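Notes to accompany the following structure.
Treat the numbers as computed from the prediction; the structure is a model and nothing was measured. Below, chain A is the first sequence line, B the second, and so on; all start at residue 1.
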Amino acid sequence: MQDIQEQASNDYDPQAVEAAAQRYWNEQHAYEVKEDPARPKFFCLSMLPYPSGALHMGHVRNYTISDVISRYQRMQGRNVLQPMGWDAFGLPAENAAIKNKTAPAKWTYANIEHMRGQLKSLGYAIDWTREFATCRPDYYVHEQRMFVRLMKKGIAYRRNAVVNWDPVDQTVLANEQVIDGRGWRTGAPVEKREIPQWFLKITDYAQELLDGLDTLPGWPDAVKTMQRNWIGRSEGLEIHFAVEGEAAPLTVFTTRPDTLMGVTFVSIAGEHPLAQKAAQGNPALATFLEELKHGGVSEAELETQEKRGMATGLFAIHPVTGDKVPVWVANFVLMGYGTGAVMAVPGHDERDFHFAKKYRLPIKAVVAPLSWDGKSIESVTMFHDTGSGKVEYPSIHLEDDISESLTWSAWDERFGQHGVLLNSCALNGKTYREAFDYLADKLSAEDKGQRRVNYRLRDWGVSRQRYWGCPIPVIRCAKCGDVPVPEDQLPVLLPEDVADVYSKGGGVQSPIKTDPEWRKTTCPECGGAAERETDTFDTFMESSWYYARYTSPGAATQVDERANYWLPVDQYIGGIEHAILHLLYFRFYHKLLRDAGMVNSDEPATNLLCQGMVIADTFYRDNADGSKDWINPADVEIQRDDKARTIGAVLKADGQPVQIGGTEKMSKSKNNGVDPQSMVGKFGADTVRLFSMFAAPPEQSLEWNEAGVEGMSRFLRRFWREVTTHAAQPDHAVVDPAQLDAGQKALRRQLHEAIQKVGDDLGRRHSFNTAIAALMELLNAVGKFADMSEQGRAVRHEVLETMVLLLNPVVPHVSHRLWQVLGHAESVLEDQPWPKVDESALVRDSLTLAVQVNGKLRATIEVAASASKDEAEQLARAHPHVTSFLEGKTVRKVIVVPGKIVNIVAG
RNA sequence: GCCGGUGUGGCGGAAUGGUAGACGCGGCGGACUCAAAAUCCGCUGGCAGCGAUGUCGUGUAGGUUCGAGUCCUAUCACCGGUACCA
């Protein structure tokens, strides 16, 4: 006790406080957990980091949110699991290896060592005994075993798919490596190339993934909406168009069969076999198809490029009318989506409309809106193709109005809407639904089509032509085809010792692809010579099941029975950038685990929190050549005018001005990154944690600002001083509510209001910034509270002791020490129960009501807490500010919201 | 292009349809100090006014409501995702 009192009298020394607390937690194994059926469990999971080299503020934010929730939940009596691991495979390791001429494994392991130390300095309540790196064979062996089982089930299969090809480096490029249509390293124009790839049939689970979203009230609506749209369920018809001179029909999918009679051509993808065939005798078309191969494969690139097409010379037969319609190749039709062919209805589809106008293809109106600007429609003309090159557009004729603007000469949104059919023979007068059902029945009966549910979602391509990933456990045998590696031969090891390849300047192509020996093996079925698959898995594969592995450290199988104690995850936290891909694969893989009998839940996580980015100011100077020198914010001083507005900035080193470049995501390229480690060294982990929780609500972007960090440090020092000063005073009495005077009651009420608010903010709203603000207000209040009477000191003691507990989830090191300063034995504070609200302390004698006249605030009044609506109204109407506004007016209505406002409506 | 989100003082933000700007930063004034730092106290959205107070104000334009930062429609700007960055 003596040494505690001595230390307590000293100023707050974060380094000493944090080292002591962390040492104690380690000695106590405070955050190592086991399954305990007697207690409610809470699995708090953050997205595992990629070991890029150094912890960045985005990590700190993610893991601090997770830590605050974890510690709070444990104080609620839950058995909390908070694990950590490393998403250790990935492209950056290969890029770094090429640059540094070293092996990806070595770089990765060194980064993990470094970042683990950084994470530990932040004092997270993590069970480190469960840590793993996904690049280790004892992790990925389970992934390989699952894959060979999925092959046998038909969930994993191989087919061709298009990739970005760099013709100079002779490698496949990731979408982010394609910049303006060129390879980032070589600058060569990128080409599309079809290669065989492994896929997982996520589309078999499309409906379940869609329906499952309705069982996740704890997920943000934005994420669920994005996933719904991504899955993109649509109901429509599959329609077969016979092709003149071809045996096989052209199959299209449409959600608008009601517009079938408006089809004036059919569009197909450049890679479509029919286009390829047509090009054989058509040099112009062959050249065009060759041109379509330029550029990358990303949707953003494909969708924003100019819409282009060319006639194939082939004709399709309209399945109802028997008319001939031309078949066009169009660059916006993609082989990978649906059937690679679409029926074109330029009268009622915007994209087809623009395409038809550009290539002077006929436009036919077959659906009329029910009304136009509220006017009823008299008639709609069909198109006329005069044959002289002059095109007349269909037009709508309204009753009592003749206007040129109603033609199809320019697109109008209403052309695409449902309406009543016309110019469609037997279908005339039918609605969308009637036409849909009529055609579905008719085409099915004639074997020309059928009803179909289509999904936008495509199967998950898991092959990567890279080295630093989990080898795909398949053997290619000339005789037996693709044979899964037998389970007793797993894992297929990725060789880590490839430093030689890189030191010689190699590595642009995968070392296991360039090594003639690695692939050699024998076929497990026929025993003949065979080759291994040299592709590796997409790294989303590892990150799709890591959460489950945390529950079963050391298990010989992928997971064991412990998984069902911990799963599903109670709170998942990560960046919004993962809203679709990772979070969809994560949900999909959980269903694969379930169907393999390994887990018994349907969804992997019940609650999801998506945090925003960490951003910072940018500063630069222009170079003579037009490039920019980016300057780190730490080296810059802001200049202000007399109203505190920013007017400029100078470099601290030379005092000369620098340009201000706006606030952007922290990145190396803009040199606006702030190193968490240096911040911890300067201010301590608690201050860094406190700032990252206080500066913004978790789902918004957080602007790093060092002056703000200093403010947090100031708060902790004041809190420290307040507690140590109080603890140095003589013993305090116990609070006796009956004896409290008005000032003591007011402070105590503020405390209990804070308990209520902080609990709600941390536990339910995840509104950490407002919880901290409430505690700052409480500290301001206790700082002004000069009452040294016995009950005064007792109230102060209750406030400070409670604050230590309320702040513990955010600043656990400070709380750990101050708990002892307040006379308690050293302990794990998460085992203290969360403070309880004393309802009697919340009672108020009077309330402040806002008084409005016609919705505008005119006065505030104090009313007794027990005052009736009538009393409040009378008091409000008697207020002089109110009477002056009511002069000469008649009161028409008075709205009284108890405890809030009185609004007098007068006129 | 498409899908999702965000927009409030000089700045980060608060306000869960009911007093817009809590809390923090910055700024200004004061106390302490030989001085500075640290610390403490006070003020701080714009305009008008000595003041009481009035008036305007939540990207822009409309609308719903007794009452809108919050709900609806349109629009602009920025951010995230767009299937091989993680």
Side-chain angles (χ1 to χ4, degrees), chain A residues 47 49-50 52 87 90-92 163-164 172-178 197 220-223 225-226 228-230 232 297-305 332 336 351 457-461 463-466 538-540 543 575-582 584-585 610 612-613 615 638 640-647 662-665 691 694-697 699-712 714-715 717-718 721 760 765 767 769-770 772-777 780 783 848-852 854-857 859-860 881 892-895 897 899-901 903-905:
Chain A
M47 290 184 185
Y50 177 78
S52 56
D87 188 18
L91 196 55
V163 293
N164 302 303
V172 174
L173 296 179
N175 284 335
E176 74 156 8
Q177 295 175 313
V178 178
Q197 309 251 20
D221 287 334
V223 171
T225 304
M226 279 190 270
R228 270 187 204 105
N229 292 335
W230 185 260
V297 299
S298 73
E299 189 192 281
E301 189 175 336
L302 296 172
E303 287 288 321
T304 50
Q305 69 188 354
F332 55 83
R351 196 163 59 178
L457 180 69
R458 310 200 301 263
D459 279 339
W460 177 12
S463 295
R464 295 294 180 271
Q465 295 67 44
R466 303 189 205 296
D538 175 7
T539 56
F540 274 131
S543 58
I576 184 69
E577 66 274 19
H578 296 292
I580 297 174
L581 293 179
H582 163 67
L584 198 61
Y585 297 145
C610 290
M613 299 177 301
I615 58 178
I638 304 288
R640 298 173 192 284
D641 69 7
D642 57 0
K643 288 193 172 168
R645 275 187 286 254
T646 301
I647 49 170
T663 312
E664 298 190 49
K665 182 177 177 172
F691 180 76
F694 178 72
E699 59 282 355
Q700 281 180 35
S701 57
L702 181 153
E703 189 178 325
W704 196 267
N705 167 274
E706 195 159 327
V709 180
E710 284 165 15
M712 296 305 104
R714 215 152 30 228
F715 168 72
R717 287 201 302 270
R718 282 209 295 147
R721 196 173 57 238
D760 190 45
R765 296 209 307 155
S767 174
N769 54 330
T770 52
I772 294 164
L775 292 172
M776 287 175 168
E777 287 184 81
N780 289 343
T848 306
L849 295 189
V851 182
Q852 298 179 337
N854 291 331
K856 284 197 174 191
L857 181 73
T860 56
H881 289 164
R892 305 200 185 278
K893 196 172 173 186
V894 179
I895 290 128
V897 182
K900 300 271 187 190
I901 61 142
N903 187 11
I904 300 164
V905 184

Taking the minimum atom-to-atom distance to the side chain of [X], which one of [options] wins?
X	options	value
Arg464(A)	A20(B), G12(B), C84(B)	C84(B)
Arg714(A)	C25(B), A20(B), A15(B)	C25(B)
Gln700(A)	U19(B), A83(B), A14(B)	A14(B)
Ala696(A)	A83(B), G13(B), C25(B)	G13(B)
Asp538(A)	C84(B), C85(B), A15(B)	C84(B)
Ile895(A)	U19(B), A86(B), C66(B)	C66(B)
Ala773(A)	C23(B), A83(B), U16(B)	C23(B)

**Message:** By nearest heavy atom, map Asn854(A) and Arg717(A) onto RNA chain B; which one lands nearer the 5' end?
**Reply:**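 Its nearest nucleotide lies further toward 5', so the answer is Arg717(A).
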
**Message:** Closest-nucleotide mapping onto RNA chain B: is Leu173(A) or Leu702(A) further toward the 5' terminus? I mean the 5' end.
**Reply:**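 It is Leu702(A), whose closest nucleotide lies nearer the 5' terminus.
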
**Message:** Using atom C1' in both nucleotides, what's the gap between A14(B) and U19(B) to the nearest angstrom?
**Reply:**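 It works out to 14 Å between them.
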
Using a cut-off of strictly less than 4.0 Å, decide whether [X] has a side-chain nitrogen or oxygen near OP1 or OP2 of [N].
X	N	value
Arg721(A)	C40(B)	yes
Arg351(A)	C2(B)	no
Asn780(A)	A22(B)	no

**Message:** As a quick check of understanding, evaluate side chain to side chain contact (heavy atoms under 4.5 Å, CB included) for Leu581(A) and Trp230(A), giving each step before the final call.
**Reply:** CA-CA 9 Å; Leu581(A) 293 179; Trp230(A) 185 260; 3.9 Å; yes

**Message:** Is the distance between the ring centroids of Trp460(A) and Phe540(A) under 6.0 Å?
**Reply:**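 No - the distance between ring centres of Phe540(A) and Trp460(A) does not fall below the 6.0 Å cut-off.
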
**Asked** In terms of base orientation, is G9(B) syn or anti, with the syn window spanning 90° either side of 0?
**Response**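 The base of G9(B) is oriented syn (glycosidic angle within 90° of 0).
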
**Prompt:** For C25(B), what is the paired nucleotide under Watson-Crick or G-U wobble rules, both distances under 3.5 Å?
**Reply:**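 Paired with G10(B).
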
Between the base of [N] and the side chain of [X], is one N or O donor paired with an acceptor at under 3.5 angstrom?
X	N	result
Glu706(A)	C25(B)	no
Asn903(A)	C66(B)	yes
Gln465(A)	C84(B)	yes
Gln305(A)	G1(B)	no

**Item:** side chain to side chain contact (heavy atoms under 4.5 Å, CB included) evaluation trace for Gln197(A) with Val163(A)
**Value:** CA-CA 10 Å; Gln197(A) 309 251 20; Val163(A) 293; 3.0 Å; yes

